Structure formats: C-alpha cells, structure tokens
Engineer: 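Take this structure first; my questions come after.
First the proteins, then the strands, lettered A, B, ... as listed; each starts at 1. Nothing here was measured: the structure is a model prediction, and the numbers come from that model. Values below: every heavy atom of this structure, side chains too, minus hydrogens, waters and symmetry copies.
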2 protein chains.
Amino acid sequence: MKRPLTRDRVLRAAVRVADEGGLGALTMRRLAEVLGAEAMSLYYHVRNKEEVLDGVVEVITSEINDLVDKIDLPSEGAAWKAAVRTRILTAREVFLRHPWATGVFESRTSSNPAVLRYNDGMVRLLRDGGFTHDQIHHALHALGSRSLGFTQELFDPGTGPVTEESLAALRGMADAFPHLVSMLTEIAHDDPDSTLGWCDDQKEFEFGLDLILDGLDRLRA
Amino acid sequence: MKRPLTRDRVLRAAVRVADEGGLGALTMRRLAEVLGAEAMSLYYHVRNKEEVLDGVVEVITSEINDLVDKIDLPSEGAAWKAAVRTRILTAREVFLRHPWATGVFESRTSSNPAVLRYNDGMVRLLRDGGFTHDQIHHALHALGSRSLGFTQELFDPGTGPVTEESLAALRGMADAFPHLVSMLTEIAHDDPDSTLGWCDDQKEFEFGLDLILDGLDRLRA
DNA sequence: TTGCTCGTCTTACGTCGTAAGGCTACCTTA
DNA sequence: TAAGGTAGCCTTACGACGTAAGACGAGCAA
C-alpha cells in the first residue's frame with residue numbers, strides 16, 4: 001500500500017479489515033497497518049473512530065444503493081409490494097456478505113446521505129403504491145431495520161445442526177419450559193433434514209417481511 | 001456497601017451503574033467501586049465481563065417476567081391477540097426504564113433461563129390462540145426483538161422537537177431526497193403539536209406490533 | 001496449634017483510542 | 001531563487017480498559 005491515504009481509502013479498508021477479522025479486529029492500529037501507515041496518520045483523514053464507523057455505514061449503504069439502483073421493476077399500484085420486496089431482499093444480500101455490519105448499524109442512528117438516499121427510494125416505491133405520506137411514515141417505522149434487510153433475532157434455539165445431544169438437552173428442559181420444548185421438538189421432528197440447523201434464517205426473514213408487506217397492502221386506499 | 005459480594009449483587013449493581021451512567025459507564029472498576037470493592041474481586045463471582053453482560057440480560061428479563069406473570073388475561077381463541085399485545089407492551093416498559101439495555105440484548109444470542117421462560121410463556125399464549133407449533137415458530141421469528149418490546153430503528157428524522165431550523169435544513173435537502181423530504185414536511189405540517197418531536201416512538205411501536213399481530217391472526221386455523 | 005481454603009486485594013501487562021508535537025517534502029510568494 | 005508556510009505522516013506518550021498472577025488475611029478443620 002504505497003498510494004497516499006484518503007478518507008475514502010481508509011473507510012474501504014475498514015470494511016475489508018472487518019470482513020476478514022470481524023468487528024473486533026477493526027482497530028485504528030490494524031486499520032493503519034493494512035494501509036501501510038501508522039495509526040496516528042489516520043487522524044488526518046478522519047476525526048476519530050466513531051467517524052470511521054459512521055463511514056463504514058456509508059460504504060455499506062452505498063454498496064446497497066448500487067445494487068438496488070439497478071433494479072427495474074414496476075412499482076405502480078399493486079406492483080409496489082414486489083418492488084419493495086425485491087429491494088429489501090437485495091439489500092439483505094449485502095449484509096450476508098458483511099455479517100458484522102449489522103452491529104455497526106445498530107449502534108448508531110444513521111442519518112448519513114447514503115441511508116437517506118436508500119430511504120428516499122423506499123418512500124418513492126411506497127408512494128407509487130398509493131400510500132399516503134402518513135402511511136409511509138408508519139410503514140418505515142414498522143419495517144425498522146428490516147427495510148435494510150436485517151433483523152434483531154432474540155430467539156435462536158442454537159446455531160449448528162440438530163444433533164442427538166441437543167435433542168437430549170431439549171428433553172431435559174421439558175419441565176422448566178414445557179411449551180417451548182414441545183414446540184421445538186415438533187419443529188425438529190417435522191424437518192428431519194436437520195443439516196440446515198434449527199432455523200432457516202432466510203425463510204424466516206421472508207416470512208416476517210411478507211407478513212408486514214401484506215399487512216401494509218391492506219391499508220392502501 | 002459493606003455486605004459480602006455475591007454474583008447476584010454484582011449483577012444488580014451492574015444494572016444500577018448502567019442506569020445511572022449508560023452502558024459506557026459499566027466498567028469492571030466502576031462496578032467494583034459502587035460495591036465498595038476492588039475490580040479484581042469481582043472475578044471471584046463472575047468469570048469475565050461477558051458473563052456480567054449475560055447476567056444483566058438475565059436480571060432485566062427477570063424484571064420483565066415478574067411483570068408479565070402478574071397479567072391475568074384470557075388467551076383462548078381470539079383473545080390471544082390482546083393477551084400477547086399486553087405482554088409485549090408490558091415488557092416494553094422495562095426497556096423504557098433501561099434504555100441502554102437494548103444494546104446489550106442485541107449483542108448476544110441470549111439463551112439464558114429467563115429469556116427461555118419469557119419465550120415459553122409466549123408460546124403458551126399463541127398455542128391458546130390455536131396456532132400450530134410451526135406457525136408459532138414463524139411468529140417468534142417474525143416478531144424478533146419486538147416480542148420483548150423493542151425494535152431497531154434505522155429511520156429517525158432526528159430527536160428533539162421540530163424547530164424552524166430543522167425544517168429549513170429539510171428544505172435544503174429537497175433536491176437530493178425529494179420523496180423523503182416531501183413526506184417529512186407533510187408529517188411535520190400535519191402534526192403542528194411539534195413539542196413531542198418528529199416521531200412518537202410508542203405509537204410507532206404499537207402500529208408495527210398490531211400490523212404483525214393482525215397478520216398472524218389471519219393465519220389461524 | 002497448624003494448615004487449608006475462601007474471599008479479597010495489589011501489582012502489573014498488553015491493548016485500546018488519541019493528545020501533543022516533531023519531521024519532511026512541497027508549494028507559494030517576493 | 002531563497003524564505004516561509006503548510007499538508008501529510010510519524011514518534012512518543014498518557015490514561016482507561018479487561019484481566020493474569022499471585023500475595024494476604026480471616027475463619028474453619030484437624
């Protein structure tokens with residue numbers, strides 16, 4: 001890395017570092033290292049680490065915008081739903097490439113240009129669908145982070161495949177959490193194709209998304 | 001603070017420290033200080049800071065469980081919706097008391113007993129409503145963190161009240177984000193009761209919640 | 001009395017973000 | 001062309017963090 005430092009190069013390098021080593025690896029020193037510079041040199045291009053993280057949000061969101069800008073789908077009237085659905089699932093792909101990034105988005109109320117631009121496009125699609133501005137406002141809040149393609153999961157029976165041990169552990173909790181356990185055992189039984197693990201994140205995301213989009217569709221004038 | 005240290009006292013103190021100074025104030029040294037001890041003494045009762053944070057999740061969720069356990073509402077058949085709604089809005093109150101806590105929940109896949117117990121109760125209510133186990137599973141994923149009463153907002157026109165300056169700033173962005181700006185100006189105009197700020201978080205939360213609950217209700221057999 | 005073990009404290013290490021200021025290469029301007 | 005300034009990068013150092021290693025004292029068991 002011999003080229004001169006740039007705010008833009010710094011931010012792109014930050015994404016690269018996090019891609020390789022996770023968010024924990026994103027250190028000012030490590031960031032400088034991959035740029036062939038010293039930590040303090042970064043501060044000429046960036047006020048502090050917070051600004052690096054803000055910049056990361058911007059880089060990721062720009063990546064999303066580049067993708068969704070290429071989508072050319074009708075959005076007038078009833079077509080709004082498919083258009084919004086595609087937009088959101090496209091954005092989601094970016095977060096699948098940068099799994100660490102959701103944590104950064106969660107930690108700041110991002111009002112940078114890229115995020116505003118993404119939301120602007122969202123408002124346009126909903127407007128095409130015939131929603132009022134007030135409805136659109138509610139819709140954006142109802143979608144929350146889902147509009148960018150990710151959700152906060154609190155319920156996760158465990159990553160990894162459904163093993164015999166985990167089923168045994170489940171049976172051990174049947175007394176303490178009877179309803180939960182009987183649900184999970186049925187889930188595991190219904191889907192013996194257990195290599196995928198307990199839950200199919202993508203399917204669940206789409207289920208929740210469709211639930212909301214269908215609900216919104218019913219509100220249209 | 002002269003009483004002997006306890007894992008439980010440590011965890012409760014952690015919640016207190018975060019309540020007073022935010023999550024950033026939750027330091028092993030600060031935590032020891034409010035307990036009248038030294039930092040390293042904590043490690044006898046707690047493996048590391050991660051375990052403190054896990055414990056904080058447990059304390060907060062227990063606080064939630066204490067509240068929702070007192071709810072005595074019918075949940076059979078169509079009554080499921082009101083029961084779940086009340087449960088979730090009750091949980092939400094706890095996070096309004098501990099605003100910093102959402103960040104802790106987000107940062108870990110919490111499978112501690114308290115969270116399992118909360119989810120167990122949720123499954124029971126949905127079961128009472130007549131949902132299949134498979135539907136309940138989808139429902140829990142669709143609700144995500146909303147089942148505990150909080151959401152990840154990415155869209156926030158700005159905290160604080162709607163001032164003349166912020167409206168002027170809005171007009172300045174009309175060229176870059178036309179749809180977004182025209183929506184926001186209409187929102188601000190429709191609701192001149194601007195002291196509340198741009199968005200009523202509680203109203204928006206309930207809107208999104210009802211959207212999902214209504215959608216689920218239509219799936220019932 | 002002796003010795004163990006439980007709970008706490010002292011000291012210290014490595015890592016983090018970053019403040020303060022030094023060094024050089026280049027540009028401006030007389 | 002010489003003088004001075006500034007842009008860009010670096011060195012050094014500080015305080016805060018999590019925590020490893022082990023010392024210390026009190027209480028109990030033998």
Engineer: Between dT15(C) atom C1' and L26(A) atom CG, what is the distance in whole Å?
Structural biologist: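 So the two atoms are 15 Å apart, to the nearest Å.
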Engineer: Please determine whether a side-chain nitrogen or oxygen atom of Y44(B) lies at a distance below 4.0 Å from atom OP1 or OP2 of dT8(C).
Structural biologist: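 No, outside the criterion.
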Engineer: Figure out the CE/P separation between M28(B) and dT8(C), and round it to whole Å.
Structural biologist: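 Result: 13 Å.
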Engineer: Nearest-Å distance, CG (L35(B)) to P (dG7(C))?
Structural biologist: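 Nearest whole value for this atom pair: 16 Å.
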Engineer: With the sugar-phosphate defined as primed atoms, P, OP1 and OP2, and the base as all remaining atoms, what B/S/- string results for nucleotides 9-14 of chain C, 5' to 3', for protein heavy atoms under 4.0 Å?
Structural biologist: BBB---
Engineer: List in chain and number order the residues that pass side-chain hydrogen bond (donor to acceptor under 3.5 Å, both in side chains) with H45(A), two or more places apart in sequence or in another chain; answer none if no residue qualifies.
Structural biologist: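 side-chain hydrogen bond (donor to acceptor under 3.5 Å, both in side chains) list for H45(A), sorted by chain: empty.
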Engineer: Taking only side-chain N and O atoms of Y43(B), does any of them lie within less than 4.0 angstrom of OP1 or OP2 on dT19(D)?
Structural biologist: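 Yes, because at least one side-chain N or O of Y43(B) sits under 4.0 Å from OP1 or OP2 of dT19(D).
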Engineer: Mind calculating the distance between CD (E51(A)) and C1' (dG17(C)) to the nearest angstrom?
Structural biologist: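 Spelled out: CD on E51(A) to C1' on dG17(C) is 14 Å.
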Engineer: Can you measure R7(A) atom CZ to dA7(D) atom C1' for me and round it to whole angstrom units?
Structural biologist: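 Distance check: R7(A) CZ to dA7(D) C1' gives 18 Å.
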Engineer: Rounded to whole angstrom units, what separation is found between the CG atom of L31(B) and the P atom of dC17(D)?
Structural biologist: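 Atom-to-atom, L31(B) to dC17(D), this comes out as 12 Å.
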Engineer: List in chain and number order the residues that pass side-chain hydrogen bond (donor to acceptor under 3.5 Å, both in side chains) with D201(B), two or more places apart in sequence or in another chain; answer none if no residue qualifies.
Structural biologist: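 None.
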Engineer: Please name all residues satisfying side chain to side chain contact (heavy atoms under 4.5 Å, CB included) with L209(A), sequence neighbours left out, ordered by chain then number.
Structural biologist: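 In terms of side chain to side chain contact (heavy atoms under 4.5 Å, CB included), with neighbours along the sequence ignored, L209(A) is linked to R85(A), I88(A), L89(A), L143(A), R146(A), F205(A), L213(A).
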Engineer: Tell me the interatomic distance from R47(A), atom CZ, to dG17(C), atom P, rounded to whole angstroms.
Structural biologist: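 Going from CZ in R47(A) over to P in dG17(C) covers 17 Å.
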Engineer: May I ask you to check whether H141(A) and H137(A) show a side-chain donor-acceptor distance below 3.5 Å?
Structural biologist: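 Per modelled atom types, H141(A) and H137(A) side chains form a pair under 3.5 Å.
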Engineer: Nearest to the N48(A) side chain among dG18(D), dC16(C), dT18(C), which nucleotide is it?
Structural biologist: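 Among the listed nucleotides, the one closest to the side chain of N48(A) is dT18(C).
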Engineer: Looking only at side-chain atoms of H45(A), point me to the closest of dT8(C), dT19(D), dC9(D).
Structural biologist: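 Among dT8(C), dT19(D), dC9(D), the one nearest the side chain of H45(A) is dC9(D).
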Engineer: Can E206(B) and K203(B) be counted as an ion pair, charged N to O under 4.0 angstrom?
Structural biologist: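 No, E206(B) and K203(B) are not salt-bridged.
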Engineer: Which residues pass the side-chain hydrogen bond (donor to acceptor under 3.5 Å, both in side chains) test with N48(A), sequence neighbours left out?
Structural biologist: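 Expected list: none.
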Engineer: For R92(B), which residues count as a side-chain hydrogen bond (donor to acceptor under 3.5 Å, both in side chains) partner, sequence neighbours excluded?
Structural biologist: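 R92(B): side-chain hydrogen bond (donor to acceptor under 3.5 Å, both in side chains) contacts with Q202(B).
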